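Here's the structure we're looking at; comments come further down.
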There are 2 protein chains.
Amino acid sequence: MTPPRPLRADAARNRALLLAAAADEFAEHGVEASVADIARRAGVGKGTVFRHFPTKDDLIAAIVLDRVEALGRLGERLLSAKDPGAALLEFLTEAAHQRQQRDLSFLQESGDALPAVVEARTRMFATIHALVDRAREHGALRDDVTGTDVILLMCAPNHVTGYVPDASPDLWQRYLAIIFDGLRPEGAHALPQPPPAL
Amino acid sequence: MTPPRPLRADAARNRALLLAAAADEFAEHGVEASVADIARRAGVGKGTVFRHFPTKDDLIAAIVLDRVEALGRLGERLLSAKDPGAALLEFLTEAAHQRQQRDLSFLQESGDALPAVVEARTRMFATIHALVDRAREHGALRDDVTGTDVILLMCAPNHVTGYVPDASPDLWQRYLAIIFDGLRPEGAHALPQPPPAL
DNA sequence: CGATAAGCGGACCGGGCGGTCAACTTGTTA
DNA sequence: TAACAAGTTGACCGCCCGGTCCGCTTATCG
């Protein structure tokens, strides 16, 4: 098919520099960080960015793909943990701990760019559903909560802390704990709306 | 001081049209909706927008001010409700029910534009703190949760449902219910981080 | 009415964005 | 080391945005 020649040494280095710089820049300014700023941060010219990633969306997709795949692998590993409730909490903790995201929204926004992203996301979603089902059957989760609910609530802790100007970098843990308490069976009140589909 | 002459009839009408169009446009496309689109939607020229609101931020601020003041009034009314827990839930419900916002983020973002916004927001925040204190003392809220926590979590239901493409317009109720369950004293687990200040 | 100023509109401006390109530099390979 | 392809670069392009401005329209009031 396509025997993909290895990258030249400098090109490979620049590509790595760019991915790191882009991740930092997106973390600081959100997705609207400019390509020029990313290039400057990486110490390369703007043209180099577009040589490695045809469009800005491709650059975003590359980062998102990396994150989603890592989370997906973690989730699959946690599927065989002893305590399903703790496993789900650990998954959510690790998901939020990727502090590099203002929030995970670009996961949705420019995901359709690369089919690989869509596929990885689908896999990760399926894993989350499995984690949630296990936790629910184990009695660690309320009965009326679905995997989709957890997926949606996943990014809330990060989003919420974004409003605090000089927040501690670990503040999200507080809100993850509150939300997770809301997912527990103890003291749960009936939910007023049916769960959505994705 | 400044005897503010009443607006001309057409000007007053256009101003109202603009506010409505802007609210709709912001609801659909977020704060990044363009002024030109807002003007088109209102059926006026772009110059008219800037005649009524010197900058785009002033337009946003006008809408935000209106919302915040309404919420503040509601909160003060609810301060004398019989059931403090139900009162807080009703406040949060009404806050989220202003479906017109993608999320309430511009409440933070361009709030400093008008001092009136800052003042109204401060008042509303104080009212929320009072509502929360009352609910906590009444045993409807866990001990370790503060007014600031509630303020931060307030917009999470709206934000979360933003990820669902064809969500029911009432879906936010589901996530408000989950989060509110997390704020209840029953089955609460200790929080890992101290509350932030605002 | 008719005069006046308040209000209106849209061409226009400067700036920043994503993306292109052709001239130049450099890693690689025989 | 010579020669070539791979990679780099920053000036440049078109686009869209917020905001300005001035000639025109129209509500208001004596």
Side-chain angles (χ1 to χ4, degrees), chain A residues 2-26 28-64 102 106 109-114, chain B residues 2-26 28-64 102 106 109-114:
Chain A
T2 340
R5 291 247 229 101
L7 280 182
R8 232 170 66 174
D10 55 344
R13 198 195 57 229
N14 279 342
R15 193 189 150 93
L17 283 174
L18 269 173
L19 282 172
D24 288 349
E25 205 71 18
F26 288 146
E28 280 180 26
H29 305 111
V31 212
E32 55 267 11
S34 81
V35 174
D37 283 347
I38 293 171
R40 200 173 308 122
R41 187 165 193 145
V44 304
K46 199 170 62 150
T48 304
V49 181
F50 289 102
R51 157 158 282 262
H52 288 280
F53 308 97
T55 72
K56 187 185 179 183
D57 274 352
D58 287 307
L59 172 55
I60 297 173
I63 294 177
V64 169
R102 309 212 102 204
F106 37 98
E109 282 165 21
S110 46
D112 304 358
L114 259 64
Chain B
T2 339
R5 289 245 229 101
L7 280 181
R8 233 169 68 173
D10 55 347
R13 197 195 58 230
N14 279 341
R15 193 190 150 92
L17 282 174
L18 270 173
L19 282 172
D24 289 349
E25 205 72 16
F26 288 146
E28 279 180 26
H29 305 110
V31 212
E32 54 267 9
S34 82
V35 174
D37 283 347
I38 293 171
R40 200 171 311 124
R41 187 166 192 144
V44 304
K46 199 168 63 151
T48 304
V49 182
F50 289 102
R51 157 158 284 263
H52 287 280
F53 309 96
T55 71
K56 186 185 179 183
D57 275 352
D58 287 306
L59 172 56
I60 297 173
I63 294 177
V64 169
R102 307 213 101 204
F106 38 97
E109 281 165 21
S110 46
D112 304 359
L114 261 63

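Please read all numbers here as calculations on a predicted model, not as lab measurements. Chain letters run A, B, ... following the sequence lines, proteins first, then strands; residues in each count from 1. Computed over heavy atoms, backbone and side chain alike; hydrogens, waters and symmetry mates excluded.
Within the nucleic acid shown, A:A12 has no heavy atom closer than 4.0 Å to any nucleic acid atom.
Phosphate proximity of D:dG18 to B:K56: present, with a side-chain N or O under 4.0 Å from OP1 or OP2. A close approach under 4.0 Å does not occur between any side-chain nitrogen or oxygen of A:S34 and OP1 or OP2 of C:dG16. Remark: A:H52 is in phosphate contact with D:dT8, judged by side-chain N or O atoms under 4.0 Å from OP1 or OP2. Remark: B:N14 is in phosphate contact with C:dC8, judged by side-chain N or O atoms under 4.0 Å from OP1 or OP2. Contact between the side-chain N/O atoms of B:R51 and the OP1/OP2 oxygens of C:dG7 is found at a separation under 4.0 Å.
Between the CG atom of A:D37 and the P atom of D:dG10 there is a distance of 15 Å, rounded to whole Å. Spacing between atom NE2 of A:H29 and atom P of C:dG18 amounts to 13 Å, rounded to whole angstrom units. If you take CZ of A:R13 and P of C:dT25, they are 17 Å apart, rounded to a whole angstrom. Computed from coordinates, the B:I60 CD1 to D:dG18 P distance equals 9 Å when rounded to whole Å. When the P atom of D:dT9 is taken as reference, atom CG of A:L17 falls 11 Å away, rounded to whole Å. Atom pair B:L7:CG and C:dA6:C1' shows a separation of 10 Å (rounding to whole Å applied). A straight line from CD1 of A:I38 to C1' of C:dG16 spans 15 Å, rounded to a whole angstrom. For B:D57 and D:dG19, the CG to C1' distance is 12 Å, given to the nearest whole Å.
With respect to B:R13 and B:D10, no salt bridge is recorded, no charged nitrogen being found less than 4.0 Å from a carboxylate O.
Relative to the side chain of A:F50, the nucleotides C:dT20, C:dC8, D:dA6 differ in distance, and C:dT20 lies closest. Distance from the side chain of A:R8 is smallest for D:dA6 among the nucleotides C:dG7, D:dT8, D:dA6. Between C:dG27, C:dC8, C:dG18, one nucleotide has an atom nearer to the side chain of A:D10 than all others, and that is C:dG27. Proximity note for A:K46 (side chain, C-beta onward) versus D:dC17, D:dT8, C:dG18: the nearest is C:dG18.
In this structure the side chain of B:F26 reaches within 4.5 angstrom of the side chain of B:I38, judged on heavy atoms. Within the 4.5 Å cutoff, side-chain heavy atoms of B:F53 are placed close to those of B:L19.
Nucleotides of DNA chain D nearest to B:A36 and A:G47 differ in position, and the one nearer the 5' end is that of A:G47.
Listed by first then second residue, pairs satisfying salt bridge (Lys or Arg N to Asp or Glu O under 4.0 Å) with a partner in residues 45-56 of chain A number zero, not counting sequence neighbours.
Taking CG of B:L17 as the reference point, atom CG of B:N14 lies at 6.0 Å (rounded to 0.5 Å).
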